[in-house]
J.: 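Right, I'll just put the structure down here and ask away after.
Note that the coordinates shown come from a computational prediction; the quantities given were computed from them, not determined experimentally. Just so it is clear, the values below take in all heavy atoms, side chains as well, and ignore hydrogens, waters and symmetry mates.
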Amino acid sequence: MEIKLVKDILEANEVIASQNRRLFADEGVYVVNLMGSPGAGKTTLLERTIEHIKDRKRIAVIEGDIATSRDAQRVAAYAIPTVQINTGGACHLDGNMVREGLRELDFDKIDLLLVENVGNLVCPAEFKIGEDDKVMLISVTEGDDKPLKYPLMFQVSSVLLLNKIDLLSYLDFDLERFRSDALKVNPHLEVMAISCNTGEGLDNWFRWLEERVNKKGT
């Protein structure tokens, strides 16, 4: 007996994600799908990013959480368009969820859409939402063995942000092994070591992001 439910779900999602992608292309909006574990620092990264470029780029945020709107409230405090999607138990955002959230946004006033996915190292990597790039955030407190244990998210990401490097001296974290393993999984991965606490390395991230937004808008 053939069981193809998962394949059907992924194919249906791909259709909707493609529709989202065409909409983003028509509107000239660059879209990042930000993925990572709970507590890795995704919302703090969004806050630092918004603080840095909100005067030069028009930003909107979609926040994905299983429950609560706490992260969305933090982002909305910066007076930018913010949409909350509560999945009610699902461990990821998919194309249809994001499409529903897009109805709340005015694309004439957006250059950059940042989508914070549900905190999870597995499922968000399996579902496209129509993004231009998937960006993965992981913190040094999660350990240096994750690239080989959770390879898919590393494989599908364009950028890997290694956060909380200000804590490296307190941890048994082999930075070179982590970087080497990540590049074994995805040789094209751009790895940036950052600290959203101290600001170290964030200029590289801001520069990369603005270049992508400018390219999409031309």
Side-chain angles (χ1 to χ4, degrees), residues 13 17 20-21 24 29-54 57-105 107 110-139 141-142 146 150 152-154 156-164 192 194-197 202 205-206 208-210 212-213:
N13 183 72
N20 292 346
R21 191 175 301 112
F24 299 144
V29 176
Y30 177 74
V31 182
V32 167
N33 181 0
L34 179 61
M35 308 176 296
S37 299
K42 296 188 297 300
T43 307
T44 304
L45 176 69
L46 293 186
E47 292 176 312
R48 300 291 87 81
T49 302
I50 293 165
E51 289 167 354
H52 184 78
I53 66 173
K54 69 175 183 178
K57 303 297 179 187
R58 300 171 299 176
I59 308 172
V61 171
I62 290 179
E63 280 285 350
D65 276 307
I66 291 176
T68 86
S69 59
R70 292 182 178 181
D71 292 346
Q73 291 174 27
R74 287 172 56 182
V75 171
Y78 291 87
I80 63 171
T82 306
V83 177
Q84 175 71 56
I85 298 176
N86 286 132
T87 64
C91 55
H92 60 274
L93 295 177
D94 62 25
N96 190 54
M97 294 177 195
V98 170
R99 181 170 64 180
E100 291 301 312
L102 298 179
R103 302 181 193 280
E104 305 298 324
L105 297 174
F107 284 97
I110 301 172
D111 303 310
L112 167 63
L113 175 60
L114 299 168
V115 181
E116 181 179 345
N117 217 310
V118 178
N120 190 317
L121 272 183
V122 182
C123 307
E126 298 176 348
F127 289 83
K128 297 176 182 177
I129 59 173
E131 69 276 72
D132 291 286
D133 284 294
K134 289 183 170 68
V135 173
M136 179 182 181
L137 181 72
I138 191 167
S139 66
T141 56
E142 297 171 61
K146 298 302 180 290
Y150 300 92
L152 180 60
M153 190 168 288
F154 292 83
V156 300
S157 294
S158 302
V159 172
L160 168 61
L161 298 171
L162 177 63
N163 192 24
K164 305 185 184 180
M192 302 180 191
I194 66 169
S195 168
C196 289
N197 182 35
L202 284 176
W205 160 244
F206 297 149
W208 181 92
L209 183 61
E210 286 198 69
R212 293 297 179 112
V213 176

J.: Does Asp133 pair with Arg212 as a salt bridge, N-O distance under 4.0 Å?
T.: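 Counted as a salt bridge, because a side-chain N and a carboxylate O are separated by less than 4.0 Å.
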
J.: What is the distance from atom CG of Asn33 to atom CD1 of Ile129, rounded to the nearest 0.5 Å?
T.: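 So the gap between those two atoms works out to 3.5 Å.
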
J.: Less than 4.0 angstrom from a charged side-chain N to a carboxylate O is my criterion; do Glu210 and Lys57 meet it?
T.: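 Not counted as a salt bridge, because no side-chain N and carboxylate O are separated by less than 4.0 Å.
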
J.: Is the count of non-hydrogen atoms from other residues, nucleotides or ligands lying under 6.0 Å from Lys128 atom NZ greater than 12?
T.: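 12 or below, so no.
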
J.: Tell me, do Asp111 and Tyr30 make a side-chain contact under 4.5 Å, heavy atoms counted?
T.: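 No. Closest side-chain heavy atoms not under 4.5 Å.
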
J.: Is Glu100 salt-bridged to Arg103, cutoff N-O under 4.0 Å?
T.: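 The answer is yes: the pair qualifies as a salt bridge.
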
J.: Drop me the distance from Asp94's CG to Arg99's CZ, to the nearest 0.5 angstrom.
T.: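 It comes to 9.5 Å.
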
J.: Testing the 3.5 Å rule here: is there a donor-acceptor pair between the side chains of Gln84 and Ser69?
T.: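 Side-chain D/A pair, Gln84 to Ser69: absent.
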
J.: Taking the side chain as C-beta and beyond, is there a heavy-atom pair between Leu34 and Leu45 under 4.5 Å?
T.: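 Sidechains of Leu45 and Leu34: in contact.
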
J.: Can you find a pair of side-chain heavy atoms, one from Val122 and one from Leu152, that are under 4.5 Å apart?
T.: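 Answer no - side chains too far apart.
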
J.: Is a donor on one side and an acceptor on the other found under 3.5 Å between the side chain of Asn13 and the backbone of Gly95?
T.: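 Yes.
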
J.: Determine whether Thr44 and Arg74 make a side-chain contact, defined as any pair of heavy atoms from C-beta on separated by less than 4.5 Å.
T.: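 Yes, at least one pair of side-chain atoms sits under 4.5 Å.
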
J.: For the atom pair CZ (Phe154) and NZ (Lys134), what is the distance rounded to the nearest 0.5 Å?
T.: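 That separation rounds to 15.0 Å.
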
J.: Could you grab the distance from atom CG of Asp71 to atom CD of Glu63, nearest 0.5 Å is fine?
T.: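 Reported to 0.5 Å precision, the distance equals 5.0 Å.
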
J.: CD1 of Ile80 to CG of Leu114: how many Å apart, nearest 0.5 Å?
T.: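 Separation between the atoms: 7.5 Å.
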
J.: Would you compute the distance between atom CD1 of Ile59 and atom CG of Leu209 and round it to the nearest 0.5 angstrom?
T.: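 Here the rounded value is 8.0 Å.
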
J.: Angle between ring planes, Phe24 versus Phe107, binned at 30° and 60°: parallel, tilted or perpendicular?
T.: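 The arrangement is tilted - the two ring planes meet at 30° to 60°.
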
J.: Apply the side-chain contact (heavy atoms from CB on, under 4.5 Å) test between Val115 and each candidate in Val135, Val32, Leu93; give the one that qualifies.
T.: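 Running side-chain contact (heavy atoms from CB on, under 4.5 Å) over Val135, Val32, Leu93 with Val115 returns exactly one hit, Leu93.
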
